[in-house]
Structure formats: C-alpha cells, structure tokens
Amino acid sequence: MPGQKSPLSLSPVGFAVFVAIAIVSRLSTPLQASATPGEILRETRPRELLTQGDPLDPPSDNPSPLQGSAGGTRFYQPPIEPPLRQIPVNNGIRGKCPIDRQIPSEPLTALMPSSGLGLTAAGNSTTFFIYLPTTSALTGEFVLQDETGTEQLYQMMVELTNTPGIIRFTVPLQELSLKSGEYYRWYFSILCDPTDRAADLFVSGWIQPMDVSPSLMADLENAATPLERAEIYGQNGFWYPTLELLADMQQSPTNFSTEAKIGWDELLSAEVVNLEFLVNQPFLECCEMENKPLPTQP
C-alpha cells in the first residue's frame, strides 16, 4: 500500500547497521588452527640414542638442556649460559663389534650430560667415566683434541676386559695448557679391529675448563664432607668434579654412604642427563692404561 514499507526494506541507517553486524560476525568466526614450525619444535620428544656415524654428526634437535635449573637436581644444575652453537656429540651407540656374537643389552655410553658438554675445574686433572658393554675387543682409546679437531692434545690406550661395567680414567689436563672457557672435544673408541679403524665403536663429547671463583673455592674449603663438596660443585655447573666425588664415595670403604648412592642415582636420572639405565652398573676394577700426552705444536 502506498506509504507502507516492505518488511525487507531498510533505511540507510538500518542498512549500515546490518552491514556492520555481518562484518563483526565474519571476524568472530574461528579460523582453522595450524601449528607453526616454532610450535612444532617446542613439542617435547624423548631422547634418542645416536647410531654409529660420523663424529661430526649434529646432536638431536631437542632444545638445549643448558637452561639453568630446568631439569637439574641438587647435585647438578647445568650452566645458565649455553654454548654459542650446536655442538656435535655422539653417545649411547647401538651396535657391536663384528667379532661379537650379539648386540649388548646396553650400549657404549659416556657418563656426561645429554648436551654432550661438561664443565671441569681449570688447572686440575679430570676423571672421565665410560660404560663398557660386553665385547671381545681388547683395546680402547681416548683422544682429546682442540675445538676444531685439527690438533690432538692427548691420547690414552686402555686394555679392555670382556666384562660390562663403568671404567674410569684420569687425564692430566693441568699438563696440557688448556685455556679456561675454551671448548675441547674428546673421543673414546673401542677398537673392534685395530687394522680397520672404520669399524670402531665410539662415543664423543666436549669438555670446558672453567676457573673456580674465590667465593666458590671458599665454599669448597668450608665443606664438611665430600658429599657437600659434590653438591657445591654440582650447584655451580661443574659436571666432572661432581661425578668424580660421587663415584669416589661409592668406591671408598670409609666414605661410602647411602646418601652418596642416592645422589649418584639422582644425578644420572636427571632430565638433563638421562642415564638412569646406568645407576646400578658396577664400577670395574680393571683396565691397564697407557698414557700418551702429545707434544703441543709450536
């Protein structure tokens, strides 16, 4: 009828309001979610053992565990400052020597943080710990190199026995003129066939000598027991002295304590170490060693 509006007809103002409502409704509709590469990388994944390969194979793509207190324990807090770059590391080798009949239940493994990097006190000797699987191979070899791998600084030959367990050997780093704060790479190899070094089983990692501050030295000197010293070293990020002290207390008939064994288990089971399968492995009283410090290049 004349003068009446159709129900669908809108005034200019009403039309503008309708359009605005439609736009807001469209913007409010949820968009389909998609994971960004960064979000995918932030997903946690279980640590995988690296297989035998080139010693310069990159580490797994897990985030670096060097995050201060994250994943640490009272006996080990990783250094807050991470390395400047990804560091090559090879540990937990699955495989066997050709002369062995079967693959051992536990792989050749270095006792070190899962990052592959361990700090030690500059100017002191350092003890390394290696889990040896059952093998008929007779010889092992430890080699220390500079960061680039172009200079070999130290070599040690180890006589093996066909017994699984943890061996220890001490390297006189104080005699090698290592620089505080520098990275040094090391390898431990089982010589499956001394005439064919390509058949070696090996683990590799990094060590960084660091100066002990006067305040830390005072805390260490005031510690009442070796267990307290181990805890102080560990809380300051020094992996190798902590590991050595806890091992010493387990092997010593006078200093052994249940708390030391608990500390050892706690250390190896920490998220940033992930070696809980080694907590009950025996220490081997074995292995004659031939030290071979090498002359440094002029």
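The figures that follow rest on heavy atoms only: side chains count, while hydrogens, waters and symmetry mates do not.
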*asked:* If you define the side chain from C-beta out and look only at heavy atoms, does anything of Leu160 sit under 4.5 Å from Val158?
replied: yes
*Out of curiosity, does Phe202 fall in the hydrophobic cluster containing Ile99 (side-chain heavy atoms, cut-off under 4.5 Å, transitive links)?*
no
*Do Tyr183 and Arg185 have side-chain atoms, one donor and one acceptor, less than 3.5 Å apart?*
no
*Salt-bridge present (Arg74, Glu259; N to O < 4.0 Å)*: yes
*Could you tell me whether the side chain of Asn91 and the main chain of Thr109 form a donor-acceptor pair under 3.5 Å?*
no
*What residues form a salt bridge (Lys or Arg N to Asp or Glu O under 4.0 Å) with Glu182, not counting sequence neighbours?*
none
*For the pair Asp146 (side chain) and Glu151 (backbone), establish whether a donor and an acceptor sit closer than 3.5 Å, ignoring hydrogens and angles.*
yes
*Ring-ring centroid check Tyr233 Tyr240, cutoff 6.0 Å*: no
*Would you find a donor on one side and an acceptor on the other, under 3.5 Å apart, between the side chain of Ser114 and the backbone of Val272?*
yes
*asked:* According to side-chain hydrogen bond (donor to acceptor under 3.5 Å, both in side chains), does anything in residues 132-143 pair up with another residue at least two apart or in another chain? List the pairs.
replied: Asp100-Thr135, Asp100-Ser136, Glu141-Gln155, Glu141-Arg197
*Is Tyr131 reachable from Trp239 through a run of hydrophobic residues whose side-chain heavy atoms are each under 4.5 Å from the next?*
yes
*Side-chain donor or acceptor of Ser252 paired with backbone N/O of Asp248 under 3.5 Å*: no
*Can you name the side chain to side chain contact (heavy atoms under 4.5 Å, CB included) partners of Ser213, sequence neighbours left out?*
Ser215, Leu216
*Can you list every disulfide bond (SG atoms under 2.5 Å apart) pair that touches residues 143-231, not counting sequence neighbours?*
Cys97-Cys192
*Going by the salt bridge (charged side-chain N to carboxylate O under 4.0 Å, His left out) test, which pairs reach into residues 113-130, not counting sequence neighbours?*
none
*Listed by chain and number, what are the ring pair (Phe, Tyr, Trp, His ring centres under 6.0 Å) partners of Phe188, not counting sequence neighbours?*
Phe169
*Where the side chain of Ser189 meets the backbone of Leu191, is there a donor-acceptor pair that is under 3.5 Å apart?*
no
*Do Ile232 and Ile262 share a hydrophobic cluster, counting only Ile, Leu, Val, Met, Phe, Trp and Tyr and linking them when any side-chain heavy atoms are less than 4.5 Å apart?*
no
*Under 6.0 Å between the ring centres of Tyr76 and Trp264?*
no
_So Leu173 and Thr120, do their side chains get closer than 4.5 Å, heavy atoms only?_
yes
*Connected via hydrophobic side-chain network under 4.5 Å: Leu144 and Met156*: yes
*List the steps, then state whether ring-ring contact (aromatic ring centres under 6.0 Å, His included) holds for Phe142 with Phe128.*
CA-CA 10 Å; Phe142 174 84; Phe128 292 80; 4.8 Å; yes
_Suppose the criterion is side-chain hydrogen bond (donor to acceptor under 3.5 Å, both in side chains): which pairs have a residue in residues 221-232, not counting sequence neighbours?_
none
*Report yes or no: does Tyr184 contribute a side-chain atom to a donor-acceptor pair with the main-chain N or O of Lys179 at less than 3.5 Å?*
yes
*Who are the side chain to side chain contact (heavy atoms under 4.5 Å, CB included) partners of Asn124, not counting sequence neighbours?*
Ala121
*Please list all pairs passing the disulfide bond (SG atoms under 2.5 Å apart) test where one or both residues lie in residues 197-232, with sequence neighbours left out.*
none
*asked:* Applying disulfide bond (SG atoms under 2.5 Å apart) as the test, list every pair that has at least one member in residues 105-155; sequence neighbours left out.
replied: none
*Evaluate the side-chain proximity of Ile190 to Leu132: yes if any heavy-atom separation is below 4.5 Å, no if none is.*
yes
*Could you list the residues that satisfy side chain to side chain donor-acceptor pair (under 3.5 Å) with Ser125, not counting sequence neighbours?*
none
_Residue pairs passing the disulfide bond (SG atoms under 2.5 Å apart) test where at least one lies in residues 116-157, sequence neighbours excluded_ = none
